[in-house]
Amino acid sequence: MNPNRIVIIALGSNLGDSGRLISQAMERLRGISRGVFQASSVWRTKPVDCPPDSPDFLNAVVIFQADDEMTPRNLLETLQEMERGFGRRPKEVMNEPRPLDLDIITFGREIVSEPDLVIPHARAHLRRFVLDPLHELSPDYQAPGWSGTVAELLQNLPENDPTIRMEKSRDL
């Protein structure tokens, strides 16, 4: 497994049949992976920085190996196309409810800072809804620029942002 080709994607949904949408999105992500593919459990989480009365989210994380032709930019384009295919519309309100949200957390050891693409994800290390599922798969992982491993970062997060594991992780 080439560590420079390992990608971590966070999945979220809080509109429609979120469990089904997350499962179908995982299947599609499995289809673009090469070799290694791991999927976390699905976790129920309270919305963070969302409009009032937003429904709870279902969240998960997948880790996979990208093929040699995949770049962070074309992966972003693929994920955005996938979101649209699952019914996501252009944002009207920041962090509004959505059928599917796919975020690139990391792409190997790459660091990208562009207006529409930041890798590692700028807030992933502060979000329990990303770190809890990632902890299942890789507790000792440390992304470029993070101050500690996933396990260490989780220990430093406040408990005011609970997550509930809905189902066990699985290999797809």
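For reference, positions follow the sequence shown, starting with 1.
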>> side-chain hydrogen bond (donor to acceptor under 3.5 Å, both in side chains), that's the test. Do Arg30 and Ser33 meet it? Break it down for me.
In response: CA-CA 5 Å; Arg30 173 73 178 108; Ser33 70; 2.9 Å; yes
>> Could you go through Tyr141 and Thr106, starting from their C-alpha distance and side-chain angles, then the distance that decides it, and tell me whether this counts as side-chain contact (heavy atoms from CB on, under 4.5 Å)?
In response: CA-CA 11 Å; Tyr141 177 75; Thr106 61; 3.2 Å; yes
>> For a side-chain contact (heavy atoms from CB on, under 4.5 Å) check, start with the C-alpha distance between Gln24 and Glu27, then their side-chain angles and the critical distance, and finish with the verdict.
In response: CA-CA 5 Å; Gln24 289 177 346; Glu27 289 290 337; 5.6 Å; no
>> Using side-chain contact (heavy atoms from CB on, under 4.5 Å), reason through Ile104 and Leu117 one step at a time and then give a plain yes or no.
In response: CA-CA 9 Å; Ile104 303 170; Leu117 180 61; 4.1 Å; yes
> Can Gln65 and Phe37 be said to form a side-chain contact (heavy atoms from CB on, under 4.5 Å), step by step?
Replying inline: CA-CA 7 Å; Gln65 184 165 327; Phe37 185 89; over 6 Å; no
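Val62 and Ile119 fall within the same hydrophobic cluster, where Ile, Leu, Val, Met, Phe, Trp and Tyr residues are linked whenever their side-chain heavy atoms come under 4.5 Å apart, directly or through other members. Note on Leu154: it clusters hydrophobically with Ile63, by side-chain heavy-atom contacts below 4.5 Å among ILVMFWY residues. Cluster annotation: Phe107 and Leu29 are assigned to the same hydrophobic cluster (Ile/Leu/Val/Met/Phe/Trp/Tyr, side-chain heavy-atom contacts under 4.5 Å, transitive).
With salt bridges taken as basic N to acidic carboxylate O contacts below 4.0 Å, one links Arg73 and Glu114.
Ring orientation note: the planes of His125 and Trp146 are tilted relative to one another, at an angle of 30° to 60°.
With sequence neighbours excluded, no residue forms a salt bridge (Lys or Arg N to Asp or Glu O under 4.0 Å) with Arg44. With sequence neighbours left out, the salt bridge (Lys or Arg N to Asp or Glu O under 4.0 Å) criterion links Asp53 to no other residue.
Of the inter-residue distances, the one linking Gln142 atom CD with Leu153 atom CG reads 7.5 Å to the nearest 0.5 angstrom. Ile32 CD1 to Met70 CE: the interatomic distance, rounded to the nearest 0.5 Å, is 4.0 Å. To the nearest 0.5 angstrom, Asn59 atom CG is 8.5 Å from Leu11 atom CG. Leu131 contributes atom CG, which lies 12.5 Å from atom CD of Glu136 (distance to the nearest 0.5 angstrom). Within the model, atoms CD1 of Ile9 and CE of Met26 stand 11.5 Å from one another, a figure rounded to the nearest 0.5 Å. Between the CZ atom of Arg88 and the CG atom of Asp101 there is a distance of 4.5 Å, given to the nearest 0.5 Å.
Under the 3.5 Å distance criterion, the side-chain polar atoms of Arg165 are left unmatched by any main-chain donor or acceptor of Ser41. Side chain of Asp103 to main chain of Ala10: no donor-acceptor pair is present (N/O by atom type, distance under 3.5 Å, no hydrogens or angles). Listed for the Ser23 side chain is no donor-acceptor partner under 3.5 Å among the backbone atoms of Gly19.
Contact detail for Asp56 and Pro47: the closest heavy-atom pair is OD1-CD, 3.8 Å. Shown here for Leu126 and Leu157, the closest heavy-atom pair between the two residues is O-CD2, 3.6 Å. Taking every heavy atom of both residues into account, Val48 and Phe129 meet most closely at CG2-CE2, 3.9 Å. Closest non-hydrogen pair, Ile22 versus Ala60, comes out as CG2-CB, 4.2 Å. The two atoms that bring Val61 and Pro133 nearest to each other are CG2-CB, 3.7 Å, heavy atoms only. Looking at every heavy atom in both residues, Phe86 comes nearest to Ala25 through CZ-N, 3.8 Å.
Arg34 is not listed as a side-chain neighbour of Arg5, based on a closest heavy-atom distance of 4.5 Å or more.
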